[in-house]
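A short write-up of the structure that comes next.
Only a predicted model underlies this, so the values are computations on that prediction, with no experimental measurement involved.
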Amino acid sequence: MSRRVLIAGASMGGLRAAERLRAAGFAGEIVAVGDEAHLPYNRPPLSKEALASEVTHEAVAFRLRPAVADVTWRLGVPIAAADLRAGTVHLADGAELACDGLVVATGMRPRRLPVPGPRAGRHVVRTLEDARDLRAELRPEVRLLVVGAGFIGCEVAATARALGASVTVVAPEAVPMRRPLGDHLGAALRRRHEAHGVVFLLGRTVAAFLGDGRVTGAELSDGTRLDADVVVEAVGSAANTAWLDGNGLDLSDGTLCDNAMRVEGRPGVVAVGDVARFPNPRYDDVARRVEHWSIPTDTARRAAATLLADLGLAEPDPAPFAPLPTFWSDQYDLRVQSFGVPALGGDDIRVLEGDLDGEVAVGYHRDGELVGVVLIGLAPAVARYRAMLMRTSTAA
């Protein structure tokens with residue numbers, strides 16, 4: 001009898017799950033459901049090179065391999081609810097889909113600031129439509145206010161400056177990108193942004209947006225008033241898990257999984273990508289979500305193997321699942337690359353090679369052990385530091 005696997009989410013994680021299921025020999029029906037109207041596409045360019053030019057699906061779409069040519073894509077219809085015990089998923093258009101196996105790949109959504117003021121002129125950057133709408137407003141001399149100094153905020157700031165916009169960044173942290181990079185490297189990247197004309201107002205938040213019908217500025221927590229024609233809210237994201245309510249799951253921060261990517265030990269239900277919170281024995285037994293570009297591919301490989309074993313179509317994989325998280329960020333002519341989990345390094349952060357104001361490799365240590373490396377430039381050294389982390393990062 002043919003089996004059906006339903007993939008809840010039609011972005012990168014959903015695509016990689018379908019690919020891995022086929023690669024592992026699953027010959028049954030695969031149905032992928034997504035709330036966007038587009039086939040899977042690459043999101044990181046939306047705040048970088050795609051935003052700098054004409055934003056099109058063709059420019060960021062993933063190539064669909066022949067192995068997934070028979071996948072059924074149900075697009076533009078959100079998932080409303082699921083009954084894991086019954087093995088059914090309910091769509092917002094009233095349809096009910098039964099499945100033998102479920103892949104949770106619904107990803108994240110951007111947070112919005114809960115402050116008073118008009119909504120017109122305020123943007124987030126998560127979807128193709130988000131990027132298109134923002135790109136239409138990024139004209140030379142436009143006054144852009146970026147709220148949030150993480151990677152998305154800083155990437156948008158760099159892209160907007162290259163397009164001729166005037167850019168101010170407001171954030172509560174003392175330095176940009178502080179959480180993933182630490183004070184010293186974050187301060188070094190601030191200096192690079194300032195050299196390109198970005199103004200930082202840090203250690204404060206937005207109390208209200210100003211304007212009648214459309215945003216014209218913002219009042220900050222210290223009373224400062226700023227003029228702005230366009231606002232980007234880059235204040236983090238939240239997991240898309242509301243459709244799983246009522247199933248007795250821990251959804252406090254994404255979907256809690258075991259090391260095999262099985263959702264709370266439930267056979268036939270796995271999760272992939274940044275919605276999944278799982279322990280990585282490379283570091284410890286703490287379950288964490290990881291919003292890195294490499295994670296959808298890594299988790300899909302393990303989740304597919306687990307799901308096929310649960311369906312009785314393969315043997316379980318006994319090896320620990322210990323991926324090395326990887327991401328990159330392009331800002332101006334800089335490429336920032338990270339391997340491992342620098343945030344676990346605490347205050348033990350050391351320059352391994354180079355100079356903070358030039359090309360540099362920075363190491364992040366926990367209990368004397370290297371757990372993360374961030375590089376700016378130093379392309380010839382990337383493979384060496386990645387290999388170093390693969391050898392040294394082990395469970396505490």
Side-chain angles (χ1 to χ4, degrees), residues 47 108 110-119 121-126 134 138 142-161 165-211 215-238 253 291 327 329 331-332 334 336 338 341-351 355-357 360 362 364 372 374 376:
S47 57
M108 312 297 290
R111 297 185 186 277
R112 303 299 298 249
L113 289 169
V115 300
R119 292 297 296 267
R122 293 164 55 183
H123 299 264
V124 293
V125 182
R126 178 69 183 181
L134 175 59
L138 291 182
V142 74
R143 297 168 298 181
L144 173 66
L145 170 60
V146 178
V147 186
F151 279 105
I152 297 296
C154 288
E155 288 168 358
V156 169
T159 302
R161 282 298 298 139
S166 169
V167 180
T168 300
V169 177
V170 171
E173 299 85 4
V175 297
M177 296 165 279
R178 183 180 191 181
R179 183 175 178 274
L181 301 183
D183 287 339
H184 295 301
L185 189 53
L189 285 169
R190 173 182 178 171
R191 292 192 292 271
R192 296 175 192 243
H193 277 274
E194 288 175 334
H196 285 270
V198 175
V199 174
F200 286 90
L201 299 177
L202 301 176
R204 61 200 92 181
T205 58
V206 171
F209 288 107
L210 308 175
V215 68
T216 59
E219 181 176 342
L220 305 188
S221 54
D222 63 355
T224 300
R225 288 196 165 208
L226 301 174
D227 294 327
D229 305 305
V230 183
V231 173
V232 172
E233 298 174 47
V235 292
S237 53
D253 182 21
E291 297 183 35
F327 75 86
S329 176
Q331 300 174 34
Y332 309 108
L334 307 173
V336 182
S338 171
V341 188
L344 294 179
D347 296 327
D348 190 357
I349 303 173
R350 314 170 199 170
V351 173
D355 179 83
L356 284 173
D357 290 312
V360 68
V362 178
Y364 299 76
V374 176
I376 299 178

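In this structure, the side chain of S221 engages the main chain of T205 through a donor-acceptor pair within 3.5 Å. Side-chain N or O atoms of R161 include one that pairs as donor or acceptor with a backbone N or O of H196 at under 3.5 Å. For Y364 (side chain) and G182 (main-chain N/O), no donor-acceptor pair under 3.5 Å exists by modelled atom type. In this structure a side-chain-to-backbone donor-acceptor pair under 3.5 Å is present from T159 to S47. The backbone N or O of S237 sits less than 3.5 Å from a side-chain atom of R111, completing a donor-acceptor pair. Under the 3.5 Å distance criterion, the side-chain polar atoms of D229 are matched with a main-chain donor or acceptor of R143.
At least one side-chain heavy atom of L356 sits less than 4.5 Å from a side-chain heavy atom of H184. The closest side-chain heavy-atom distance from L189 to L334 is below 4.5 Å. For the pair L226/V170, a side-chain contact is recorded, criterion being any heavy-atom separation below 4.5 Å from C-beta on. The side-chain heavy atoms of V232 and V147, taken from C-beta on, include no pair separated by under 4.5 Å. Within the 4.5 Å cutoff, side-chain heavy atoms of L134 are placed close to those of V230. Inter-residue side-chain proximity for V146 and F200 is flagged as unmet; no heavy-atom pair is nearer than 4.5 Å. Proximity of V362 to I349: side-chain heavy atoms (C-beta onward) are separated by under 4.5 Å at one or more points.
In terms of heavy-atom proximity, D183 sits nearest to R178 at OD1-NE, 2.7 Å. V360 and L185 make their closest contact through CG1-CD1, 4.3 Å (heavy atoms, listed as atom of the first residue, atom of the second, distance). Of all heavy-atom pairs spanning Q331 and S329, the tightest one is NE2-OG, 2.9 Å. In terms of heavy-atom proximity, A207 sits nearest to P116 at O-CD, 3.5 Å. In terms of heavy-atom proximity, P180 sits nearest to F151 at CG-CE1, 3.5 Å. Of all heavy-atom pairs spanning C154 and P176, the tightest one is SG-CB, 4.0 Å.
No hydrogens or angles considered: nothing links the side chains of E219 and T224 as a donor-acceptor pair under 3.5 Å.
Here R122 pairs with E233 in a salt bridge; the nearest charged N to carboxylate O distance falls below 4.0 Å.
R179 CZ: 12 or fewer foreign heavy atoms inside a 6.0 Å radius.
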Exercise for review: Run the numbers on R191 and D357 for side-chain contact (heavy atoms from CB on, under 4.5 Å), then give the verdict.
Suggested key: CA-CA 8 Å; R191 292 192 292 271; D357 290 312; 2.9 Å; yes
